[in-house]
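For reference, the structure is listed below as structure tokens.
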Number of protein chains: 2
Amino acid sequence: MSQQRTGHEAGITGRVGAVTPSAVLGSQPDFPDLPEATVARLPEYLRALHHLAETGHDTVSSEGLALAAGVNSAKLRKDLSHLGSYGTRGVGYDIEPLVGQIEYILGLNKRRAVALVGVGNLGHALAGYAGFASRGFRIAALFDADLTRVGELINGIAVRHIGDIPEVVKSEAISIAVLATPAGAAQAVADQLVAAGVTSILNFAPVVLNLPEQVDVRKVDLAVELQILSFHEHRKSARGAELAKAMARGAVNGSPVATLGEVAA
Amino acid sequence: MSQQRTGHEAGITGRVGAVTPSAVLGSQPDFPDLPEATVARLPEYLRALHHLAETGHDTVSSEGLALAAGVNSAKLRKDLSHLGSYGTRGVGYDIEPLVGQIEYILGLNKRRAVALVGVGNLGHALAGYAGFASRGFRIAALFDADLTRVGELINGIAVRHIGDIPEVVKSEAISIAVLATPAGAAQAVADQLVAAGVTSILNFAPVVLNLPEQVDVRKVDLAVELQILSFHEHRKSARGAELAKAMARGAVNGSPVATLGEVAA
DNA sequence: CGCGATTTGTGCACCTGTTCACAAGCGCTT
DNA sequence: AAGCGCTTGTGAACAGGTGCACAAATCGCG
């Protein structure tokens with residue numbers, strides 16, 4: 001159970017990137033077709049690899065990397081096999097070129113400029129989050145609708161009014177935006193962002209955005225995550241109660257106290 | 001493409017809750033076996049239903065609710081059918097009892113106490129996040145390892161030292177914790193939480209936690225989300241470039257400018 | 001009271017993704 | 001130079017989830 005479930009729902013099917021058969025242009029396998037599920041795991045592999053590199057490793061086996069990334073080794077090998085062959089049988093994977101390949105695939109060789117809209121409670125924290133900077137992104141602009149917030153400096157960047165979105169998105173060549181506005185404003189702001197040229201949005205507002213097909217949207221809803229955990233809590237206690245009842249009636253083997261953990265294990 | 005992908009990876013398979021065959025105890029269908037994918041969508045349905053209720057609706061069709069929740073109607077009907085029958089053919093679903101049923105399943109009838117560990121940049125924002133309170137949770141305790149932070153009041157709650165975790169988790173009957181510590185501290189803190197009795201953890205630290213089977217862990221990594229979007233950006237531009245090249249060579253139909261959007265649509 | 005319009009609930013086929021298990025390949029040792 | 005142990009890469013079976021398409025059920029209206 002404590003297998004780690006990480007962001008990103010499958011839900012949408014199909015390979016990603018399969019648009020032009022390479023036969024048409026005879027291109028080298030520069031951009032392989034990756035299953036969506038694999039794409040979602042690559043960042044986790046990348047993080048684990050960086051950690052291994054920092055702790056002095058040059059190579060790592062699929063078993064070792066799988067452990068560090070919280071997946072099983074077969075899955076890991078299949079995922080990496082999609083990127084081409086970066087392993088040596090009998091030895092393992094060379095960390096350095098593998099890191100390079102994954103970063104290339106993820107488009108992280110160049111640092112990407114990101115806009116953040118909504119400098120409220122959450123947005124403020126995101127603006128200061130060091131993890132963005134250290135993992136390939138640069139917060140290039142902050143926006144808010146509230147005029148009293150405009151001008152405020154956060155981490156050295158001034159908050160601008162959302163009216164400036166078109167101008168700034170163009171001048172900074174921003175294609176990714178983080179949306180941390182209140183729910184009510186999210187759709188309108190998203191429309192403005194898309195109109196300005198943004199093609200990927202990370203949405204923290206608890207609303208379903210309605211946007212053109214070609215725009216990628218990922219949603220993170222903190223309350224939803226807790227509610228899913230709540231379900232599992234409810235389930236555990238319900239099952240525990242039922243089992244206890246069953247025990248009390250049938251009363252065969254094992255101590256009622258241990259049942260919950262035992263069953264799950 | 002702009003279909004909304006929401007947290008929560010499948011990855012782990014199997015029904016949830018299938019532990020005791022109800023034959024053993026002849027229990028009413030109080031706690032149905034739900035596919036994990038369905039569980040992950042229920043919170044979204046719940047949010048949409050609340051919104052509909054607030055805007056004066058009594059009933060809603062599967063089509064309408066599916067639209068509001070960002071899924072297709074067949075999937076929605078199948079999901080709801082797992083909860084038992086709350087719809088009327090020819091009419092739709094009665095919102096009120098449906099809300100009640102989903103809240104019951106998710107264990108949201110009673111407000112759940114949550115502990116938050118790590119009152120740094122992100123933790124501070126989470127502590128003040130209104131969405132938790134409004135959607136079934138109560139932040140019952142704040143913890144930090146930094147003694148200079150201990151005692152600070154956030155939203156009316158005092159930050160306590162992590163050494164107090166065992167005591168407070170027991171006295172407040174906390175089973176869910178939010179982990180917003182630096183990566184280096186996360187595993188140790190998680191161990192302490194579990195030892196104190198916590199059985200579900202929402203982990204914001206970019207590390208894979210190693211915990212007993214019976215503990216549920218969900219992971220949210222903001223940088224990972226951006227990296228996935230980055231992949232799609234990279235893919236879009238790579239495909240765009242290839243298409244442009246192909247166009248320039250073969251030069252058959254359509255304007256090169258429109259291709260990207262056209263293909264995706 | 002019966003008929004038609006509407007919408008749910010679901011059997012079924014399809015498809016993505018996971019896992020097992022093993023052959024192929026590599027390096028080290030003798 | 002040959003053999004041995006180790007690890008990758010992958011074919012094949014399996015599991016879970018999705019979406020179509022339709023039968024069953026309900027309501028409203030004539």
Side-chain angles (χ1 to χ4, degrees), chain A residues 3-6 8-18 29 32-42 44-45 57-67 69-95 97-98 101, chain B residues 3-6 8-18 29 32-42 44-45 57-67 69-95 97-98 101:
Chain A
Q3 264 272 32
Q4 235 104 142
R5 304 152 182 89
T6 306
H8 196 260
E9 164 72 2
I12 286 59
T13 57
R15 306 275 137 140
V16 180
D33 286 0
L34 296 182
E36 188 67 46
T38 297
V39 173
R41 283 187 294 264
L42 289 182
E44 204 61 38
Y45 300 158
H57 296 74
D58 291 336
T59 66
V60 65
S61 70
S62 64
E63 199 68 47
L65 182 52
L67 191 73
V71 302
N72 74 40
S73 61
K75 198 187 292 188
L76 179 117
R77 286 199 298 277
K78 190 150 281 182
D79 282 341
L80 294 191
S81 77
H82 289 299
L83 312 186
S85 193
Y86 285 82
T88 312
R89 293 171 196 235
V91 179
Y93 296 90
D94 278 354
I95 291 179
L98 186 53
Q101 174 66 357
Chain B
Q3 264 273 32
Q4 236 105 139
R5 303 152 182 89
T6 306
H8 198 258
E9 164 71 3
I12 286 58
T13 57
R15 307 274 137 141
V16 181
D33 287 359
L34 297 181
E36 187 66 47
T38 297
V39 173
R41 284 187 292 265
L42 288 182
E44 204 62 39
Y45 300 157
H57 296 76
D58 291 336
T59 66
V60 64
S61 70
S62 64
E63 200 69 49
L65 182 53
L67 192 74
V71 300
N72 75 39
S73 61
K75 198 187 294 189
L76 179 115
R77 286 199 298 277
K78 191 152 285 186
D79 282 340
L80 293 190
S81 77
H82 289 297
L83 311 187
S85 194
Y86 286 80
T88 311
R89 295 170 194 237
V91 179
Y93 296 90
D94 278 353
I95 291 179
L98 186 53
Q101 174 67 358

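Just so it is clear: chains get the letters A, B, ... in the order the sequence lines come, proteins before strands, and each one is counted from 1.
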[atom1] of [X] versus [atom2] of [N]: gap in Å, rounded?
X: A/Arg41; N: C/dG17; atom1: CZ; atom2: C1'; result: 8 Å
X: A/Glu36; N: D/dG17; atom1: CD; atom2: C1'; result: 15 Å
X: B/Asp33; N: D/dG17; atom1: CG; atom2: C1'; result: 16 Å
X: A/Lys75; N: C/dC20; atom1: NZ; atom2: P; result: 11 Å

So for the helix from C/dC1-D/dG30 to C/dT30-D/dA1, with five pairs setting each end axis, what is the inter-axis angle to 10°?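 Rounded to the nearest 10 degrees, the bend comes out at 0°.
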For nucleotides 4-11 of chain C, which of its nitrogen or oxygen atoms have a protein nitrogen or oxygen under 3.5 Å away, and what is each distance?
| unit_1 | atom_1 | unit_2 | atom_2 | d |
| --- | --- | --- | --- | --- |
| C/dT7 | O4' | B/Gly90 | N | 3.0 |
| C/dT7 | O2 | B/Gly90 | N | 3.3 |
| C/dT8 | OP1 | B/Ser62 | N | 2.5 |
| C/dT8 | OP2 | B/Ser62 | OG | 2.6 |
| C/dT8 | O2 | B/Arg89 | NH1 | 3.0 |
| C/dG9 | OP1 | B/Ser85 | OG | 2.5 |
| C/dG9 | OP1 | B/Gly87 | N | 3.4 |
| C/dG9 | OP2 | B/Tyr93 | OH | 2.7 |
| C/dG9 | O4' | B/Arg89 | NH2 | 3.1 |
| C/dG9 | N7 | B/Arg77 | NE | 2.9 |
| C/dG9 | O6 | B/Arg77 | NH2 | 3.2 |
| C/dG11 | O6 | B/Lys78 | NZ | 3.0 |

To the nearest 0.5 Å, how far apart are [atom1] in [X] and [atom2] in [Y]?
X: A/His82; Y: A/Leu42; atom1: NE2; atom2: CG; result: 9.5 Å
X: B/Arg41; Y: B/Glu36; atom1: CZ; atom2: CD; result: 10.5 Å
X: B/Ser62; Y: B/Lys75; atom1: OG; atom2: NZ; result: 13.5 Å

Side chains of [X] and [Y], heavy atoms from C-beta outward: is any pair under 4.5 Å?
X: B/Tyr45; Y: B/Val71; answer: yes
X: B/Leu80; Y: B/Tyr86; answer: no
X: B/Leu34; Y: B/Leu83; answer: yes

If you look at every heavy atom in B/Asp33 and B/Pro35, which pair is closest and at what distance?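 In terms of heavy atoms, the two residues are closest at O-CD, 4.0 Å.
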If you take all heavy atoms of A/Glu44 and A/Ala69, which pair is closest and at what distance?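 It is CG-O, 3.8 Å.
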Are any of B/Asn72's side-chain N or O atoms less than 4.0 Å away from OP1 or OP2 of D/dT18?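 For B/Asn72, the contact criterion (side-chain N or O under 4.0 Å from OP1 or OP2 of D/dT18) is not met.
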